[in-house]
Structure formats: C-alpha cells, structure tokens
Amino acid sequence: MKKLSDLLKHCNISEIRGDAETMVGGVTYDSRRCEKNYAFFAFDGIHTDGSKFIDSAIENGATVIFASRMPSNFKSGITYITAENLRRTMSAFACALYDDPSSKLKVIGATGTDGKSSSIFFLFQMLNMLGHKTGFLSTVEYSDGDKIRKNPYRQTTPESSEIMMILDEMVRNGCEYAALESSSHGLSDKTLRLADVKYKTGILTNVTHEHLEFHGTVEKYADDKANLFRKSSLFNVVNAADRFSQHFTEASKVPVYRYALDKNIHNLHIHPEDIQADNSGTTFNAVYEGKKYPCRINIPGLFNIENFMATALAVIKITGTEPEKVFALSSSIKSVKGRMEVVDMGQDFHVIVDYAHTPGAFEKLFPMMRAQCKGKLIAVFGSAGERDTQKRPIQGCIASRYCDAIILTDEDPRGETSMGVIDDIAKGIVETFDRNNLYKIPDRTEAIRKAIGIAKKDDTILLLGKGHESTIIYKDGTIAWDERKVAEKALKNTFLCIRQSGSQSHHGLGI
C-alpha cells in the first residue's frame, strides 16, 4: 500500500478531484480485476469507451479513477484524476507502486517477428542451469522465479501494470535475471507497455512481414522494435543477416554483438559450422571468437541454431561465464510448447505442431522440412482475421512452392468469415501447384483429420499457426483449443478405425 500523492510525483496529470492522501494497493485497466483500494485506468479501446466501466470498477473496490476526461457524476470517497496520456501515466504509476522492479533485475529482452518465445525460454534455461535464478515472460508461459505457469494474458507483452507486477514477483522471489519477450506492440510509443522497463540487453531475431495493420509499414514495424536497442544500457545482440540489422545497430547506444547462420557475413562474433540436421535436431560447431565448440540441439529447425547462438552470446557476455560451459548446455535445452513439437502415436509418418504464422517463419520452415521429408509434405494452416491481410497470399505462395498438399483452415477468424480469410490465402498459391491437393476446410478439427487421412508412410504433416494457443477466436466468442491433443485424438481414432476394419495397410493409416 502506498499513498496516492507519493505515486503521483512520478506521473504527469492534468486534474485531480478528491483525496490525494488515499492509499493505493493495486492498479489495473480491467474493471473486473479491481479490488479494494485499487486505481483503475479507464482506457478507450478500439470498440469501447473506457468510461463505461468506471462504475463497475468502483463496485469492485476501486477508490482512484484515472480517465481522459472528468466524469459528469462524482461518487463520495472516490478520487478522480485526468491525464493526457493514460498509458504513459499508468506505466509510471505502476512502476512507482511496485518500487521500480526492473531496476533490481538484469533484464534481457528479445524482439523479432519469429523466435522470440524460443529465445526467451532458452535464456531462462541456460541462466538457471548456470546457477543464476531467472524469471521469464513469453507468449506461451512465464515464471516469477517459482514454477512455470501458462501465460494468462492473450498478449505477448501484457499491459504495463501487469509487466510491473510480474517483475515485482520476480524480485520478491529472489531472481537475479528477467528474460522478457518484447513485442513490437509492447515497444511501440502507442501502447508504452514497456516504457519504464530498464533493460540491460536486447536481442533481435529477425524482422519480416507482420502486424502491418498496427504499424502501417514494415519500416515502422522495425523501428518500433528498435526501441529495445535504444533502451538497453549494457549491450545488444543482432542477427547480422537481417536486412534491418544496420538500423538496429545505429539505434543502439551501447556495443552490439553480431551472429548469423552465414559465416561469410563480416564481423560476426559467433556463427555455426559443420551443420548436420535431422528430424530430431541439429549437430554443429559454434565458432565463437575464432574457436570451435561442439553443440547439439535436440529440437528440429535451423532457426533454433540462430536462437541458440543469439542467447548463448548474450549469456556469455552478461554473466562472464566461460564459453565452453555455455555451449555445453546446448543438448539440455528443451523446446517451448507448440514450437516444433512432435506428435508421435506410433504412426509411420511425422506430425509436427508449430506456431509458424508469418511469411518469414514460412520461408525458414518449409525449405528445411522439404529437404528432410522423404514422402509428401502436407501443411495445415490459416491466417488471423482482422489482422495483417497483406501477408495472407504471401503465406499461400510460400507454402505452395514446397508442399504436396495444403489444407487451409481457421486460425482466429474473429469478425471475418472463415472462407473469406481462406480465399485470401489461396490467391497466392502458385500456378504450378496441383489444385486437386488444395483443401478448404474451415473446421480445424476436420482439417487435421483430413491431413491424417491422406498421409502415408514417411510423409510429414505440419500443423501451423496455433502452436501453444488455447483458443480459436470467432465473431461470437472463443472455443477451447489444444492443437496437440486434437492431433493425438485424430491419430488415435484413426488407428481404432483401422483395427476395427481389420485393415492390413501399412501406408500411413490406411485411409
């Protein structure tokens, strides 16, 4: 509990009506989460007026109300405050309420279109294995230094009030480090979710086509991400192969260390050599400052080598640990839920669940899987409704260059029609692709069943776009979803049908 007047010293406000000496015990922008002595920020959303929820917040215990304008009616015992920029004010307010928690931690942020969650989870594991107690927050999960929990927020980067609360929990639990997945939305000056987080180090994985409905252009998207490098106080780590690497380097006020898969890029601090990949992972030598270190990552995908190099470089530099100790951890690192996750129910073909949903992720994933696939490559995916529509035909184009069969389905249609989104993707499919192997099945469960039904021995099915997510969003609400469980059930049911029919087929599941 802190006195309101002390908290307001850190904020820019326009007007206050009521008791400035009242005590504050919490802060939120969601009226449903208000409790006794909470401060409520009445944000205006895309479809809603935040002031509509003030009465609800008060009923749930709020005693301080922040809004963009004073309400017409005042309630006794309530303090009302206005501010020009509510999001900036909430960030500063929450930072003060929780005693500036990021200043008590060594915060490492990772940003990029793809690879953020994996990089953060790699950092969390490596730092803890080296004896440095670490908390983390990613799209998928988080840990406050205690146990790992599912991320309860739909956003990769929650609002500033939630960020500060989680960082405070890390401090209370004795964490030395915090690894934060730092999205372009969170780093944007529009949301200011990360405005008061004090970073020691930033990592850039890549910048590809995504979220243009929010940022407008890919250049603005990249520049918002570069705010991470502007904020870091110790050093930054950049993917030197990315086309925006120079922009990020120039944005940094501190030293920048470089990594890349391609050893021919100049001035690299780390790169891989002697790469040998298979469906279960990759063996390679990490070349760090001219010396080779043997590594094995038991997670499929060359992009996971990139994620490992970036995080290993950051860990070496920020902890001062001997390189051989860091690289020796490679084989112990586990994957994030829904990232290159193998579903094995005894079938004689491969089923992999992955979160890939951007053109950049597709460009990395499909060539790799095509090279390793002995049979047909079958992809099941969709695209988000009410989000970056420009990427849809690009997704279709990339997939059709590498796949033998494509099943287009729902991802999160939201307010759009399922077939409208699916048809947008299909517009990009190349002319050389056999349209007899294109299926449009909005029901995602049926789409997965279809993929399993057409699969034969040595084929590979890629279930893309949902990964770890626990819901599918429709116009009228959400439905519960677990991609892995749906795939497991479909495989199990198909096996049961085969046994009951007495089929002797050995080509996949005999359908």
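Counting begins at 1 with the first residue of the sequence. Below, all heavy atoms of this structure are taken into account, side chains as well, without hydrogens, waters or symmetry copies.
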Any side-chain to backbone donor/acceptor pair from Lys456 onto Asp348? Under 3.5 Å, distance only.
no
Do Tyr98 and Val171 make a side-chain contact, defined as non-hydrogen atoms from C-beta onward lying under 4.5 Å apart?
no
State, with a plain yes or no, whether a side-chain heavy atom of His350 is found less than 4.5 Å away from one of Leu377.
no
What I'd like to find out is whether the side chain of Val430 reaches to under 4.5 Å of the side chain of Cys397, using heavy atoms alone.
yes
Side-chain donor or acceptor of Thr409 paired with backbone N/O of Pro442 under 3.5 Å
yes
Flag side-chain contact, heavy atom, 4.5 Å: Lys364 against Glu306:
yes
For Leu261 and Met309, which heavy atoms make the closest approach, and how far apart are they?
N-CE, 4.1 Å
Atom CG of Leu268 and atom CG of Asp262: how far apart are they, to the nearest 0.5 Å?
8.0 Å
For the residue pair Thr139 and Glu181, confirm or rule out a side-chain donor-acceptor distance under 3.5 Å.
yes
Under a 4.0 Å threshold between the charged nitrogen and the carboxylate oxygen, would Arg449 count as salt-bridged to Glu446?
yes
For Thr283 and Gln276, test the side chains for any donor-to-acceptor distance below 3.5 angstrom and give the result as yes or no.
no
Can Arg401 and Glu363 be counted as an ion pair, charged N to O under 4.0 angstrom?
yes
Rounded distance [0.5 Å steps], CG in Leu408 versus CD in Gln395:
9.5 Å
Correct closest heavy-atom pair for Ser183 and Thr157 would be OG-OG1, 2.9 Å
Between Arg444 and Glu483 (salt bridge meaning N to carboxylate O under 4.0 Å), is one present in this structure?
yes
Distance-minimising heavy-atom pair for Gly135 and Met170
C-CE, 3.6 Å
Going through the distances and angles, do Asp410 and Tyr474 end up as a side-chain contact (heavy atoms from CB on, under 4.5 Å)?
CA-CA 9 Å; Asp410 285 343; Tyr474 290 94; 2.8 Å; yes
Could you tell me which non-hydrogen atom of Thr208 sits nearest to which non-hydrogen atom of Thr113, and how far apart they are?
N-OG1, 2.8 Å
For the student: nearest non-hydrogen atoms of Asp412 and Thr471, plus distance:
OD1-O, 3.8 Å
Hey, mind stepping through Arg339 and Ile299 against side-chain contact (heavy atoms from CB on, under 4.5 Å) and telling me if it holds?
CA-CA 9 Å; Arg339 303 300 200 273; Ile299 312 168; over 6 Å; no
Quick one: do Arg149 and Asp144 satisfy salt bridge (Lys or Arg N to Asp or Glu O under 4.0 Å)? Show the steps, please.
CA-CA 9 Å; Arg149 303 177 179 88; Asp144 57 10; 3.4 Å; yes
If you count the non-hydrogen atoms of other residues, nucleotides and ligands that lie under 6.0 Å from NZ in Lys337, is the total more than 12?
yes
Evaluate Lys150 against Ser470 for side-chain contact (heavy atoms from CB on, under 4.5 Å), listing each step before the verdict.
CA-CA 10 Å; Lys150 181 179 177 182; Ser470 58; 2.8 Å; yes
Is the closest basic N to carboxylate O distance between Asp404 and Arg370 below 4.0 Å?
yes
Flag the pair Lys104 and Asp168 as a salt bridge only when some basic side-chain nitrogen lies within less than 4.0 angstrom of an acidic carboxylate oxygen.
no
Would you mind reporting whether Leu194 and Asn227 have side-chain heavy atoms less than 4.5 Å apart?
no
For the backbone of Lys376 and the side chain of Asp459, can you confirm whether one donor and one acceptor N or O come within less than 3.5 Å of each other?
yes
Sub-3.5 Å donor-acceptor pair from the side chain of Arg87 to the main-chain atoms of Leu192, do we have one?
no
Would you compute the distance between atom CE of Met129 and atom CG of Leu329 and round it to the nearest 0.5 angstrom?
4.5 Å
Thr111-Lys225 side chain donor-acceptor pair, cut-off 3.5 Å:
yes
Exam field: side chain His271 to backbone Ala260, donor-acceptor pair closer than 3.5 Å:
no
Side-chain donor-acceptor contact under 3.5 Å, Lys317 with Thr201
no
Considering all heavy atoms, the nearest Pro101-Cys95 contact
CD-O, 4.1 Å
For Phe229 and Phe248, take the angle between the two ring planes, folded into 0 to 90°, and tell me which bin it lands in: parallel under 30, tilted 30 to 60, perpendicular over 60.
perpendicular
Considering only NZ, NE, NH1 and NH2 on the basic side and carboxylate oxygens on the acidic side, decide whether Arg193 and Glu162 come within less than 4.0 Å.
no
Just verifying a value: how many Å separate Arg296 CZ and Ser330 OG, rounded to the nearest 0.5 Å?
9.5 Å
Check whether Asn298 reaches the backbone of Ser331 with its side chain - one donor and one acceptor, N or O, closer than 3.5 Å.
yes
Do the non-hydrogen side-chain atoms of Lys263 and Val287 ever get within less than 4.5 Å of each other?
no
Say you draw a straight line from CZ of Phe122 to CD1 of Ile203; how long is it, rounded to the nearest 0.5 Å?
11.5 Å
Please report whether the ring centroid of Phe121 lies less than 6.0 Å from that of Phe136.
yes
Arg484 with Glu488: basic N within carboxylate O range, under 4.0 Å
yes
Applying side-chain contact (heavy atoms from CB on, under 4.5 Å), run through His357 and Phe381 and close with a yes or a no.
CA-CA 8 Å; His357 62 284; Phe381 67 94; over 6 Å; no
With a 4.0 Å cut-off on N to O distance, would you call Lys190 and Asp224 a salt bridge?
no
Backbone of Leu180 reached by a side-chain donor or acceptor of Ser182 within 3.5 Å:
yes
Side-chain H-bond candidate by donor/acceptor type, Asn285 with Asp274, under 3.5 Å:
yes
Just by distance, do the side chain of Ser143 and the backbone of Leu137 share a donor-acceptor pair under 3.5 Å?
no
Heavy-atom distance under 4.5 Å between the side chains of Val218 and Phe244, does that happen here?
yes
Just by distance, do the side chain of Asp344 and the backbone of Gly346 share a donor-acceptor pair under 3.5 Å?
yes
Would you indicate whether the side-chain heavy atoms of Ile461 and Ile452 approach each other to under 4.5 Å?
yes
Ion pair present between Arg392 and Glu416, side-chain N to carboxylate O less than 4.0 angstrom?
yes
Residues Ser91 and Asp196: side-chain donor-acceptor under 3.5 angstrom
yes
With sequence neighbours left out, write down each residue that passes ring pair (Phe, Tyr, Trp, His ring centres under 6.0 Å) with His468, or none if nothing qualifies.
Tyr355
Reported CE-to-CZ distance for the pair Met126 and Phe327, which is rounded to 0.5 angstrom:
9.0 Å
Main-chain N/O of Asp114 paired with Thr205 side-chain donor or acceptor, under 3.5 Å
yes
